[in-house]
Amino acid sequence: MSSIDIPGIHLLYTITSIVLLGMLTRLVLYVSQQMMRTAVDAWKVTAVSLGSGISAVLAAYSFTLSIDAGPDQHNTAIFFIIFFLVSSICGGVVLRVIRNPIGNTKYDLMISFILAFFIYLLHMLTPLLLYPSLLNIHFIEVFISIVLTQSIVFSLFRFLNMYTNGKQLKWSKMLLWFGSAMSGVAITGLGYSIFASFTSYDSSATHYAHFLIPTAFVVITNTILTVIPLLYRNRALLSTHQLYQTLFNDNPSAVLAVSNDGTIQHANKESYRLFSCEGKTAVPLKAASLFPDKETFHYGVSILTSGRTHQWDTKMLQDSGKQLNVHITGIPTVMKHHIVGYFLVIKDVTHTIRTAKQIEFLAYHDDLTKLPNRRLMQQKVKTYIEKATPFSILLIDYDLFKRINDIFGHSFGDEVLVETAARLENILDGKGTVSRVGGDEFLLIVPEKTAIQLAGAIVEQFRKPMRLRDYELVLQASIGITSFPEHAEDVDNLYKYADIAMYQSKENGGNGYTFFHPSMAEKQVRRFEIEHELQKAIDAQAFSLYFQPKFHSISRTISGAEVLLRWHHPKRGFIPPNVFIPIAEESGLIVPIERSVIARVMACLSKWKEETDEIHLPCISINVSVITFLQDDFASFFREKLEHYNLHGSMLELEITERVVMQNEAKINTILQKLRETGVRISIDDFGTGYSSLNYLDKLQVDILKIDQTFIQHIENDQTIVATIQSLAENLKLHTIAEGVETEAQLDELRQLGCTEVQGYLFSKPLPQAEFERSYISRIPADA
């Protein structure tokens, strides 16, 4: 038998194998990490490369032995082909497997057994194929080498997995190279051990030396490769334990670890705070004892014990007896494929639920009165409609509520609304629903049969004084009533018809109620059409100017004239001012209309001044609504028009109503001061029918009081009111004009009372501009 003992070459092979296997180990780690980032198919190419590397190592090993033994050349070629194929398969399996995390010992043993089989097969092929002349099987050594192969592969597999899937340690690079070197020593020694177990030697001592020495190296390196992952695993387990312990103890939510029998095994700090049981222990209480709703809790637990996570809301009982709203997230605890308990993550949502309820309340209730708002009202009406339950709605609106805000302030107005809400709820007494649907609008949903009775009670209640902040108020409200299904079968139309009926109540004088009638809707449509046509009339200047002369009560000579507006519609015919003026005021179109009138009147005065060449022209009075008068630029507009037509303000008189007088005093004074600078005179129209007081008359310093025609009509029987107004004007040094004078008897009474200027059908009806010019402009005496 030829000797194969060449120490120098064997030493060279050992060093070469260590280096190559160390590099291969490093390659395996690098490639496996790259495979996790790139396409999975990359492992196939890498397996071939790894197989080639292993083949090269084993080729060097075979070469050292063949120097002395001289293998068969034909067998050598077949040997390397088989080596390459088996090595490639082995390398592919290695790369494929080490991407899976460690932790399952059975899985690791199974995979390492497969890999050990491939490696042992590769080493066993060397003596079987290349050195058949040296073949001598030693069964004990074969068994030992098989165990060593299995052991070293299992340890190496764990070592590779540790670096592929684990968290790296501070000294990981140095440990990696050290482990790689040990792997090289182990694989090299393993090769010699397997070879020795299948071959014969010159003596038993030589045989045991060739088997035991490499086996010792394999055992030592295997021990090292086994200890390193164990140390790492212990350190990793400790780190993981500390990490999850921190997550458990310092979790902002209460966390309970519960066993399958419902006993609390662990509870974090937040749990004790939430349960209000500081100084006591929650272990080993039963988790179910913390939750009053046992049925809901046990249902949730049944889902957890079936292996599924579950979330639910319930109430939790504190140690003090107080109940909290909590949200529970349950997570099953699984160990070795068995459910051994569950975690309960408990979050206190009491404040969240309370906040959500507040938000929901604010979404459906009025913030001031706490009554249901329009949104909730619409939902309730829809519910009644869906159930086909007959009902009525009462839409209530204050008359002139804006005056309260302007005089007493908005906070006082809010108190009035709150008191009103309380009164309405008291009247209903649970027989209906009160909602606040607008600024000073309230809507009641009541049974259809009680609508009239409740409306009457509300009107009667509003007639009673309301005392707030030492003020006593008597308020008026207009009510519109509509019913389902009599008038409409949907929310929008019911509300619209109630609104129409409510405005009809206002037109009827207010402080009353009106049932909707289809004719009211037609009237409302007509109002809408007129509003639309008003804009066209403004653009086309379709309004005609009429002038009603004013006369001296004694001389009966003309002293001036009041300009009036008339609208002759091409299709509708004559539309009275009491129809289109309120519509213009509500829509805001009154502003361009009255500004147009002012400009046209000034144009007439300028024309008359040039044509008659007279110094004394009639003073023309123009009615100005509160909306137009309170425009910020009204005074500057008036001044600009005077300058444009080269007129003096004394040729004009502006008639304002008592509604203007009752507005913001500071703003009124500012506007009046600017107007007075132009020389224009100011008169209060329909004096005595509104809310004026001596205080306002004194502060505003108006020039003229126009006595309303309603007082003139009864002057023959009762002179008291007219006499009082005339006396008041004389004391305040104001001029008076009596409106609506139609008889000589009325004129005589006014003369006796001292009224020097009158206006009415006794002298002249309103005249078109052309007729007024023919009748009066050319006849004005120079000394008038």
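- The local environment of NZ in Lys370 is crowded, with over 12 non-hydrogen atoms from other residues, nucleotides or ligands closer than 6.0 Å.
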Are Glu757 and His735 close enough, and set up right, to give a side-chain hydrogen bond (donor to acceptor under 3.5 Å, both in side chains), and what steps lead you there?
CA-CA 9 Å; Glu757 193 170 0; His735 187 61; 2.7 Å; yes
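- With a 4.5 Å cut-off on side-chain heavy atoms, Glu441 and Ile396 do not count as touching.
- Around the CG atom of Asn646, the shell of radius 6.0 Å holds no more than 12 heavy atoms that belong to other residues, nucleotides or ligands.
- Other residues, nucleotides and ligands contribute at most 12 non-hydrogen atoms within 6.0 Å of the CD atom of Gln673.
- A cation-pi arrangement is absent between Arg566 and Phe580 under the rule of less than 6.0 angstrom and at most 45 degrees off the ring axis.
- Aromatic ring centres of Tyr645 and Trp608: separated by at least 6.0 Å.
- Between Asp366 and Arg374 there is no salt bridge, since no side-chain nitrogen of the basic residue lies less than 4.0 Å from a carboxylate oxygen of the acidic one.
- For an aromatic pair to be called close, the ring centres must be under 6.0 Å apart, and Tyr546 with Phe772 fails this.
- Ionic pairing of Glu419 and Arg423 is present here: one or more N-O contacts between side-chain nitrogen and carboxylate oxygen are shorter than 4.0 angstrom.
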CA sep, side-chain torsions, deciding dist, call: Ser636, Asp633, side-chain hydrogen bond (donor to acceptor under 3.5 Å, both in side chains):
CA-CA 5 Å; Ser636 59; Asp633 64 336; 5.2 Å; no
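- Aromatic pair Tyr497/His487: ring centres not closer than 6.0 Å.
- With contacts defined as side-chain heavy-atom distances shorter than 4.5 Å, the pair Leu652/Met602 qualifies.
- Comment: Lys706 engages Glu655 in a salt bridge, judged by a side-chain N to carboxylate O separation of less than 4.0 angstrom.
- A salt bridge links Glu653 with Arg681: the closest approach of a Lys/Arg side-chain nitrogen to an acidic carboxylate oxygen falls below 4.0 angstrom.
- Taken to the nearest 0.5 Å, the CZ atom of Arg436 stands 10.5 Å off from the CG atom of Asn373.
- A salt bridge is defined here as a Lys NZ or Arg NE, NH1 or NH2 lying under 4.0 Å from an Asp or Glu carboxylate O, and Lys536 with Asp539 fails to meet this definition.
- When all heavy atoms are compared, the tightest approach of Val459 to Gly512 is CG2-CA, 4.0 Å.
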